[in-house]
Amino acid sequence: MQLTGRHIWLIAALCALVLLYIIVRNSRRVTNARLRKRIRSGRFIHYTEFEENWRTEDADGNRTGYKYNDFSGCYVIMIFEKKVHFGRFKGYDNIYIGQSVNVCQRVHNHFCGKGKGDVYADIKYGMEAYVRIIPCKVKKLNKTEKRLIEAFNATESYNRTKGGAKITKK
């Protein structure tokens, strides 16, 4: 078979598509790695610390706990067999990612048995849970949650969907 100009163009187009696919796939992998690093380098709160600060008051009697200062955002709950030392939030056993217009209330629900049952069961049976709360505007909740679930491959753990929910007004 003799290659014509048309065949050469088809081969070139196919090669370009394959190359474009490789570039997009690698850029997504790099983007996800950066997001994971950024989340892990932020402040995680142990579930006991979160619950201790659920309802607090300052010296003047002003309510200052998470319950009284709620906001919209996403959260990453990582479950470990043992306590994390030196901020090494890699190698978690399970992960759950979610969103809420009242993110602190939602996280509290998970920790006290009114949310994701798997998270509560892990806490109940002695696992260590840590949460990172990412504040974001209501209109960006779905996009942020989806990006986090993809970056952490959370559908291989406690998340059953790729994220996104119907947003209700706050």
Side-chain angles (χ1 to χ4, degrees), residues 1-47 50 70-82 84-107 109-111 115-122 127-170:
M1 180 177 158
Q2 188 176 12
L3 291 178
T4 64
R6 185 174 183 191
H7 289 114
I8 293 172
W9 277 107
L10 286 172
I11 292 170
L14 182 61
C15 289
L17 285 172
V18 168
L19 184 61
L20 184 62
Y21 171 77
I22 291 169
I23 289 169
V24 168
R25 186 172 173 208
N26 284 338
S27 69
R28 177 169 266 165
R29 196 175 293 155
V30 168
T31 301
N32 286 342
R34 284 183 185 144
L35 181 56
R36 284 191 306 271
K37 184 177 180 180
R38 192 171 76 225
I39 294 300
R40 283 195 300 254
S41 67
R43 185 175 187 278
F44 275 84
I45 305 164
H46 191 268
Y47 78 94
F50 184 90
D70 218 341
F71 50 89
S72 64
C74 292
Y75 54 90
V76 177
I77 298 175
M78 291 183 174
I79 307 292
F80 295 86
E81 189 174 319
K82 298 177 181 175
V84 171
H85 298 286
F86 309 112
R88 295 187 182 137
F89 289 97
K90 286 186 176 182
Y92 50 85
D93 293 287
N94 284 298
I95 190 166
Y96 183 67
I97 296 168
Q99 63 163 300
S100 179
V101 294
N102 298 304
V103 71
C104 294
Q105 179 66 54
R106 187 71 182 129
V107 168
N109 288 347
H110 290 303
F111 292 159
K116 183 71 173 171
D118 296 321
V119 171
Y120 181 68
D122 285 343
M127 301 287 278
E128 302 295 335
Y130 295 84
V131 63
R132 168 86 195 278
I133 298 174
I134 302 101
C136 72
K137 295 179 181 177
V138 172
K139 64 183 178 182
K140 293 189 176 187
L141 286 173
N142 281 336
K143 181 179 178 184
T144 304
E145 181 190 31
K146 287 177 181 180
R147 287 183 62 216
L148 288 166
I149 289 171
E150 179 185 337
F152 284 95
N153 199 20
T155 55
E156 296 296 317
S157 188
Y158 288 158
N159 285 82
R160 297 292 172 237
T161 68
K162 293 181 180 182
K166 182 179 176 185
I167 302 293
T168 57
K169 297 283 182 190
K170 191 172 183 181

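The aromatic rings of His110 and Tyr75 lie tilted to each other, with the angle between the two planes from 30° to 60°. Note: Phe89 and Phe80 have perpendicular aromatic rings, judged against thresholds of 30 and 60 degrees for the angle between ring planes.
Side-chain atoms of Arg132 come within 3.5 Å of backbone N or O of Ile39 as a donor-acceptor pair. A distance-only check finds no donor-acceptor pair linking the side chain of Glu128 to the backbone of Lys82 [under 3.5 Å]. Looking at Asp70, its side chain does come within 3.5 Å of a backbone N or O of Val103 through a donor-acceptor pair. In this structure a side-chain-to-backbone donor-acceptor pair under 3.5 Å is missing from Tyr96 to Asp118. With hydrogens and angles disregarded, a donor-acceptor distance shorter than 3.5 Å links the side chain of Lys116 to the backbone of Tyr158. In terms of modelled atom types and a separation under 3.5 Å, the side chain of Asn94 and the main chain of Ile79 share no donor-acceptor contact.
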With side chain to side chain contact (heavy atoms under 4.5 Å, CB included) as the criterion, how do Phe152 and Asn159 come out once you've worked through the C-alpha distance, each side chain's angles and the decisive distance to 0.1 Å?
CA-CA 10 Å; Phe152 284 95; Asn159 285 82; over 6 Å; no
Test log, rule side chain to side chain contact (heavy atoms under 4.5 Å, CB included), inputs Ile45 and Val107:
CA-CA 11 Å; Ile45 305 164; Val107 168; over 6 Å; no
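Leu141 contributes atom CG, which lies 4.0 Å from atom SG of Cys136 (distance to the nearest 0.5 angstrom). The structure places CG of Leu35 at 9.5 Å from CD of Glu150, a figure rounded to the nearest 0.5 Å. Between Asn153 atom CG and Asn32 atom CG the span is 9.0 Å, to the nearest 0.5 Å. Atom NZ of Lys162 is separated from atom OG1 of Thr155 by 7.0 Å, given to the nearest 0.5 angstrom. Atom SG of Cys104 sits about 4.0 Å away from atom CZ of Phe71, to the nearest 0.5 Å. Separating the CD atom in Gln99 from the NZ atom in Lys146 is a distance of 9.5 Å, to the nearest 0.5 Å.
Here the closest heavy-atom approach between residue Gly164 and residue Asn142 is recorded as CA-OD1, 3.1 Å. Here the closest non-hydrogen pair linking Asp93 and Met127 is OD2-CE, 3.9 Å.
Heavy-atom neighbours of Arg36 CZ from other residues, nucleotides or ligands within 6.0 Å: above the threshold of 12. Counting non-hydrogen atoms of neighbouring residues, nucleotides and ligands closer than 6.0 angstrom, the CZ atom of Arg6 reaches no more than 12 such neighbours.
The closest side-chain donor-acceptor pair between Asp122 and Tyr47, if any, does not fall under 3.5 angstrom.
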